[in-house]
Amino acid sequence: MPELPEVETTRRGIAPYLLQQRWCGAVVRQPQLRQPVSATLDQQLRGREIHAVERRAKYLLIHCDGGYLLLHLGMSGSLRILPVGTPPGPHDHVDLCFESYLLRYRDPRRFGLLLWCEQPPQEHPLLRHLGPEPLAPAFSAESLHHQARQRKTPVKALIMEQRVVVGVGNIYANEALYLAAIDPRRAARRIALVRYQRLVVEIRAVLQRAIAMGGTTLRDFQHEDGKPGYFQQTLHVYGRGGAPCHGCGQPLRSERIAQRSSFFCPRCQR
DNA sequence: ACAGTAACCTGTTTGC
DNA sequence: TGCAAACAGGTTACTG
C-alpha cells in the first residue's frame, strides 16, 4: 500500500501520539527486514524524547535527542497505535513502546526498514541520493525536462526514479500520466517542456488529492487499520485494464513497462 | 551513463 | 475443487 500519500497519512496519524513523548523501550520479534533491525534497539531508544516526526520521500524520520529512527514501510508495512498488551499477530515484527500505548510495526513481506541513526539525515546513504519532493518547488518541469534530455527510458520509468523525483510510486505514475495525456511508453527525451509542465501539475494534483482522501479514511490509528480502498474509487487507469477509459470509452490497455504493471488509454495518451 | 534484470519476502489472485 | 504459477503498493545491486 504505501506510496507517498499513505506514508504522509501515517505520519500525520502517528505524530500526535509521539511528539513530546519518551520511549519506554522496544520489542523486536523479527529483526530480518530489508536490513536487520538493531539487536539493541530497546537500549538505543529507551528514555529518549521525540521532537519531530518527519517524512522524506517514503521514509519516516522520528527525531529524538541524539538521533532519529528511520522507518520505511516497503510494500506491505503499516504502523498503528495500540493499547499496551494488545497481542501481536503473525507479522507484527516490532513494538515501539510508550507508557500507555505502543506503536506497532507490521510488515508481511518484510521489505520495510527500521534503523536507529545518529548521523545527519542528509549524509545517510539511503537518503543522500534522493531527488526533490514532488510537492516542493525544487521539482519543476524544467529540471525534469533537463534530466530527460538523453534518456530513452519510458517516461513512466523516469518519474519513478528516486533520484529524479521521490515518492511517485506505480499507482500514481500511471494516474498522473493519464491525467497529463502522456503515453507512459514514450521515450523521456521525446517529450516537450510544455508537456512536462502539465505532468508536474498532474503529479502534484494526484498526490495531494490522495493525501486529502487518505486523511479522511485513515485518520484514526487507534483502532483497525482502515486498509486500502481509500483512493480506489477515484483511480482512472490503475488496475482497470480492459475497462472503458473515463475520457473516451475505449478499452484501457495493460502492459508491462520497465517491469511494472502499467495501464493507459492508447487513444487519450500520446 | 544508462537500461534491464534479479533479489529481498509472504499473501492473494489467476489459470489450468 | 485444488494446486501451482503469477503477481503485488518498493528499493537496491548487479550486469552488459
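Heavy-atom basis, side chains included; hydrogens, waters and symmetry copies ignored. Just so we're on the same page: letters track the sequence lines, and every chain starts at 1.
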Check your understanding: In residues 145-155 of chain A, which residues come under 4.0 Å of DNA chain B by heavy atom?
Key -> A/Arg151, A/Lys152, A/Thr153
Practice item. Classify the nucleic acid contact of A/Leu33 as base, sugar-phosphate or nothing, counting any heavy atom under 4.0 Å across all strands shown. Key: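 Answer is nothing: A/Leu33 stays at 4.0 Å or more from every strand.
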Review point. Using a cut-off of 4.0 Å on non-hydrogen atoms, how would the nucleic acid contact of A/Gln162 be classed: base, sugar-phosphate, or nothing?
Key: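 Sugar-phosphate contact only.
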Point to revise | For the student: nearest non-hydrogen atoms of A/His91 and A/Pro108, plus distance | key: CG-CA, 3.6 Å
Would you mind reading off the distance between [X] atom [atom1] and [N] atom [atom2], rounded to a whole angstrom?
X        : N      : atom1 : atom2 : result
A/Arg163 : C/dA13 : CZ    : P     : 11 Å
A/His72  : C/dG9  : NE2   : C1'   : 11 Å
A/Leu60  : C/dG10 : CG    : P     : 15 Å
A/Tyr238 : C/dG10 : OH    : C1'   : 12 Å
A/Asn174 : C/dG9  : CG    : P     : 9 Å
A/Ile171 : C/dC7  : CD1   : C1'   : 14 Å
A/Phe111 : C/dG9  : CZ    : P     : 11 Å
A/Arg110 : C/dT11 : CZ    : C1'   : 17 Å

Exercise for review: Please list, in 5' to 3' order, the outermost nucleotides of DNA chain B lying under 4.0 Å from any heavy atom of chain A.
Suggested key: B/dC2 to B/dG11
Between [N] and [M], how far apart are the two [atom1] atoms, rounded to whole Å?
N     : M      : atom1 : value
B/dC9 : C/dC3  : P     : 26 Å
B/dT5 : C/dC7  : P     : 14 Å
C/dG9 : B/dT14 : P     : 14 Å

For [N], which nucleotide in any strand shown is its Watson-Crick or wobble partner with both distances under 3.5 Å?
N      : value
C/dG9  : none
B/dC16 : C/dG2
C/dG16 : B/dC2

Practice item. Please say whether more than 12 non-hydrogen atoms of neighbouring residues, nucleotides or ligands are located less than 6.0 Å from CZ in A/Arg163. Key: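 Counting other residues, nucleotides and ligands, CZ of A/Arg163 stays at 12 neighbours or fewer.
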Review point. Any chance the side chains of A/His129 and A/Gln162 put a donor and an acceptor closer than 3.5 Å?
Key: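 There is no such pair (donor and acceptor under 3.5 Å, judged by atom type) between the side chains of A/His129 and A/Gln162.
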Point to revise | Pair A/Tyr105, A/Asp107: side-chain N/O donor-acceptor within cut-off below 3.5 Å | key: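 Yes - a donor-acceptor pair under 3.5 Å links their side chains.
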Review point. Roughly how far apart are A/Gln119 CD and A/Leu70 CG, rounded to 0.5 Å?
Key: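 Output value for this atom pair is 9.5 Å.
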Check your understanding: Relative to the 5' end of DNA chain B, which residue comes earlier, A/Arg34 or A/His91, by the nucleotide with the nearest heavy atom?
Key -> A/Arg34
Review point. Taking 4.0 angstrom as the limit, do A/Glu133 and A/Arg56 come out as a salt bridge?
Key: yes
Review point. Taking side chain as C-beta onward, heavy atoms only, is A/Leu71 less than 4.5 Å from A/Leu113?
Key: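 Contact flag for A/Leu71/A/Leu113 side chains = no.
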Taking 4.0 Å as the cut-off, does a side-chain nitrogen or oxygen of [X] come that near to OP1 or OP2 on [N]?
X        : N      : result
A/Tyr172 : C/dG9  : no
A/Ser76  : C/dG10 : no
A/Arg260 : C/dA8  : no

Exercise for review: With side chain to side chain contact (heavy atoms under 4.5 Å, CB included) as the test, would you mind laying out the steps for A/Tyr178 and A/His246 before giving the verdict?
Suggested key: CA-CA 10 Å; A/Tyr178 172 77; A/His246 289 161; 4.0 Å; yes
Practice item. Go through A/Val27 and A/Asp42 one step at a time and tell me if the side chain to side chain contact (heavy atoms under 4.5 Å, CB included) criterion holds. Key: CA-CA 7 Å; A/Val27 179; A/Asp42 180 74; over 6 Å; no
**Study point:** Check: A/Glu175 side chain, A/His236 main-chain N or O, donor-acceptor pair, under 3.5 Å
**Key:**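 The answer is yes, because a donor-acceptor pair under 3.5 Å joins these two groups.
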